[in-house]
Amino acid sequence: MRIGYPCINRSLDCIASSTFRLKSYSEEKLKKTVESNLDCLERMIDYNLENRMFFLRITSDLVPFASHEVCDFDWQKHFSERLSSIGEKFRDHNFRVSMHPGQYTVLNSNKNDVYHKSINDLEYHADVLDAMNLDTTAKINIHVGGVYDDKEKSKMRFIKRYKDISKKIKRRLVIENDEKSYSVKDCLDISKEIGIPVTFDNLHHSINGSHYSVEDALGEVSRTWNHKDGPPIVHYSSQLTGKRTGRHADTIDLEDFEGFLEKTRKYDFDLMIEIKDKEKSVKKIIENSLF
DNA sequence: ATCGGTCAAGGGGCA
DNA sequence: TGCCCCTTGACCGAT
């Protein structure tokens, strides 16, 4: 069981996701930005080591515009040594690593150009993990995508597209239940057809549930992860009280978290804490010996 | 130096 | 149809 937080460490005075405007794109600027992003990523790894947080989500902005047509720079080659040494550090300390493309990456889109751009973006994410020589437990986590007024058809489109993608992406791709469209049940239906692992998100499940209890949902998704995929990935967050449903809380509610652990005790998984104050919440969990 | 409008990009939900 | 929300702050031009 490993625990971590996504993309940004607020205790450090650096970010690994620094970017710039498309208008000001230049190869020089890209190189500089990626260098400083990699510096920061290494500092995050060191911080995590010291604090025993062995699950890390790498920001999609590590190499800005990498999947955009404007970028013809061979960043993999240029940063190959650094990327592989970062990967070595991950492996030496048995880190779990993941990435999570944003809302613009929609594999099952009914628009062809969106679909193709999504493939490019998934390719980029796979390239980052490949350049670090990470095994297939390093995952790229996405949502199923749009519904377009016909969920069955849209699920089928996801399945067909999945079958068509390259091995390089396929070996890392996992799907997560989302808060309005595709529930755990929907993800499991898809997984049954193509064997893709399913990430469980407790907050999304509480908003967009199926007939599954948390215990049953976790039990079912656990079976979608094979040995080569590593332990299941679970996302935990709590609702920001009084705000729009789905908004992430500012800091962790330890009582709520204990309740969650209570229900999930019998399962093995790696846990990503998606809460605004990031590593501080994880620290609270560890300090209270909850994980 | 500070401020705030804007940022590559999709989709869903509501008035 | 058009606007807002999510992701999420950071960038950068105007002052």
Side-chain angles (χ1 to χ4, degrees), chain A residues 5-26 28-30 32-34 36-37 40-41 44 57-73 75 98-125 140-151 153-155 157-158 161 175-183 186 199 201 203-208 235 237-240 242-251 272-281:
Chain A
Y5 57 91
C7 308
I8 295 171
N9 181 313
R10 297 192 195 283
S11 304
L12 298 175
D13 58 358
C14 71
I15 49 167
S17 53
S18 125
T19 182
F20 48 87
R21 292 291 125 92
L22 181 59
K23 255 201 319 198
S24 56
Y25 180 93
S26 72
E28 206 41 46
K29 191 150 190 160
L30 181 68
K32 282 261 166 13
T33 305
V34 176
S36 98
N37 284 347
C40 187
L41 180 61
M44 279 174 70
R57 182 190 299 167
I58 299 172
T59 169
S60 296
D61 278 332
L62 193 69
V63 185
F65 302 104
S67 65
H68 192 278
E69 57 183 12
V70 75
C71 176
D72 57 5
F73 176 58
W75 56 271
S98 71
M99 293 185 85
H100 193 350
Q103 73 246 55
Y104 302 108
T105 303
V106 187
L107 187 60
N108 81 339
S109 175
N110 55 4
K111 298 188 192 75
N112 237 343
D113 65 317
V114 176
Y115 164 48
H116 289 295
K117 278 191 253 176
S118 298
I119 295 288
N120 287 344
D121 200 46
L122 291 173
E123 191 123 331
Y124 152 66
H125 284 82
I140 302 168
N141 184 95
I142 59 171
H143 295 291
V144 178
V147 171
Y148 315 101
D149 297 321
D150 190 339
K151 196 187 263 187
K153 229 168 144 183
S154 299
K155 273 184 184 172
R157 197 164 47 247
F158 184 93
R161 299 254 168 98
I175 48 174
E176 174 193 346
N177 60 311
D178 69 73
E179 69 179 50
K180 27 177 111 135
S181 305
Y182 293 93
S183 66
D186 294 320
T199 293
D201 183 299
L203 183 58
H204 296 161
H205 184 68
S206 73
I207 301 165
N208 180 24
H235 292 174
S237 58
S238 31
Q239 170 72 35
L240 180 55
K243 294 288 181 181
R244 189 196 70 85
T245 17
R247 277 284 296 277
H248 289 176
D250 294 331
T251 192
M272 180 56 60
I273 302 294
E274 296 183 323
I275 294 187
K276 288 238 177 285
D277 68 356
K278 309 274 180 186
E279 79 290 344
K280 290 196 180 66
S281 282

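Residue numbers begin at 1 in each chain, while the letters A, B, ... track the order of the sequences. This is a predicted model, so every value here is computed, not measured.
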Between [atom2] on [N] and [atom1] on [X], what's the gap in Å once rounded to a whole number?
X	N	atom1	atom2	answer
A:His100	C:dC6	NE2	C1'	11 Å
A:His116	B:dA9	NE2	C1'	16 Å
A:His143	B:dA9	NE2	P	20 Å
A:Asp277	C:dT8	CG	P	13 Å
A:Glu176	C:dC6	CD	P	17 Å
A:Glu179	B:dG11	CD	C1'	12 Å
A:Lys151	B:dG11	NZ	P	16 Å
A:Leu122	B:dA9	CG	P	18 Å

If we take the [atom1] atom in both [N] and [M], what is their distance in whole Å?
N	M	atom1	answer
B:dG10	C:dC11	C1'	22 Å
B:dT6	C:dT8	P	23 Å
C:dC4	B:dC7	P	15 Å
C:dG9	B:dG11	P	24 Å
C:dA10	B:dG12	P	29 Å
C:dC5	B:dG5	P	14 Å

Item checked: side-chain hydrogen bond (donor to acceptor under 3.5 Å, both in side chains) partners of residues 112-123 of chain A, not counting sequence neighbours, each pair once ->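 Sorted result for residues 112-123 of chain A: A:Ser67-A:Asp121, A:Thr105-A:Asp121.
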Would you classify [X] as touching base, sugar-phosphate or nothing, given that sugar-phosphate means primed atoms plus P, OP1 and OP2, and contacts are heavy atoms under 4.0 Å?
X	result
A:Ser17	nothing
A:Gly102	nothing
A:Val147	sugar-phosphate
A:Ile8	nothing
A:Ser18	sugar-phosphate

Notebook entry, point to check: Quick one: salt bridge (charged side-chain N to carboxylate O under 4.0 Å, His left out) pairs with a partner in residues 60-69 of chain A, sequence neighbours left out?
Noted result: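 Pairs touching residues 60-69 of chain A that pass the test: none.
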Margin query: Using a 3.5 Å distance criterion without hydrogens, assess whether the side chain of A:Tyr182 forms a donor-acceptor pair with backbone atoms of A:Glu176.
Written below: no
Note to self: Can you list everything that forms a side chain to side chain contact (heavy atoms under 4.5 Å, CB included) with A:Ser11? Sequence neighbours excluded, please.
What the structure shows: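 Per chain and number, A:Ser11 pairs via side chain to side chain contact (heavy atoms under 4.5 Å, CB included) with A:Asn9, A:Tyr47, A:Glu279, A:Lys280.
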Item checked: Nearest-nucleotide comparison on DNA chain C, the residue closer to the 5′ end among A:Ser24 and A:Lys278 -> A:Lys278
Check: A:Thr19 or A:Cys7: which one's nearest nucleotide on DNA chain C is closer to the 5' end?
Finding: A:Cys7
Notebook entry, point to check: Can you name the disulfide (SG to SG under 2.5 Å) partners of A:Cys40, sequence neighbours left out?
Noted result: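 With sequence neighbours excluded, A:Cys40 shows a disulfide (SG to SG under 2.5 Å) to A:Cys14, given in chain and number order.
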Any residue meeting salt bridge (Lys or Arg N to Asp or Glu O under 4.0 Å) with [X], in chain and number order, not counting sequence neighbours:
X	answer
A:Lys153	none
A:Lys151	A:Asp186
A:Asp13	A:Arg43
A:Arg57	A:Glu274

Check: Which nucleotide, C:dT8, C:dC12, B:dG10, lies nearest any side-chain atom of A:Tyr104?
Finding: B:dG10
Where do N or O atoms of nucleotides 13-15 of chain B meet protein N or O atoms at under 3.5 Å, pair by pair?
none

Is there any protein nitrogen or oxygen under 3.5 Å from a nitrogen or oxygen in nucleotides 5-8 of chain B, and what are the pairs?
| residue | atom | partner | partner atom | Å |
| --- | --- | --- | --- | --- |
| B:dC7 | O2 | A:Arg21 | NH2 | 3.2 |
| B:dA8 | OP1 | A:Leu22 | N | 2.6 |

Next item on the list: List for me each residue that meets ring pair (Phe, Tyr, Trp, His ring centres under 6.0 Å) alongside A:His143, sequence neighbours excluded, and say none if there are none.
Entry: A:His100, A:His204
Item checked: Side chains of A:Val147 and A:Ser181 in contact at under 4.5 Å (non-hydrogen atoms) -> yes
Margin query: Run the ring-ring contact (aromatic ring centres under 6.0 Å, His included) test on A:Trp75 and A:Phe65 for me, step by step, so that the C-alpha distance in whole Å, both residues' side-chain angles and the decisive distance to 0.1 Å come before the verdict.
Written below: CA-CA 11 Å; A:Trp75 56 271; A:Phe65 302 104; over 10 Å; no
Margin query: Give the dot-bracket line for DNA chain B from 5' end to 3' end: parentheses for intra-strand Watson-Crick or G-U pairs under 3.5 Å, square brackets for crossings, | for inter-strand pairing, dots for unpaired.
Written below: |||||||..||||||
Checklist line | Distance-only polar pair, side chains of A:Ser183 and A:His205, donor-acceptor under 3.5 Å | finding: no
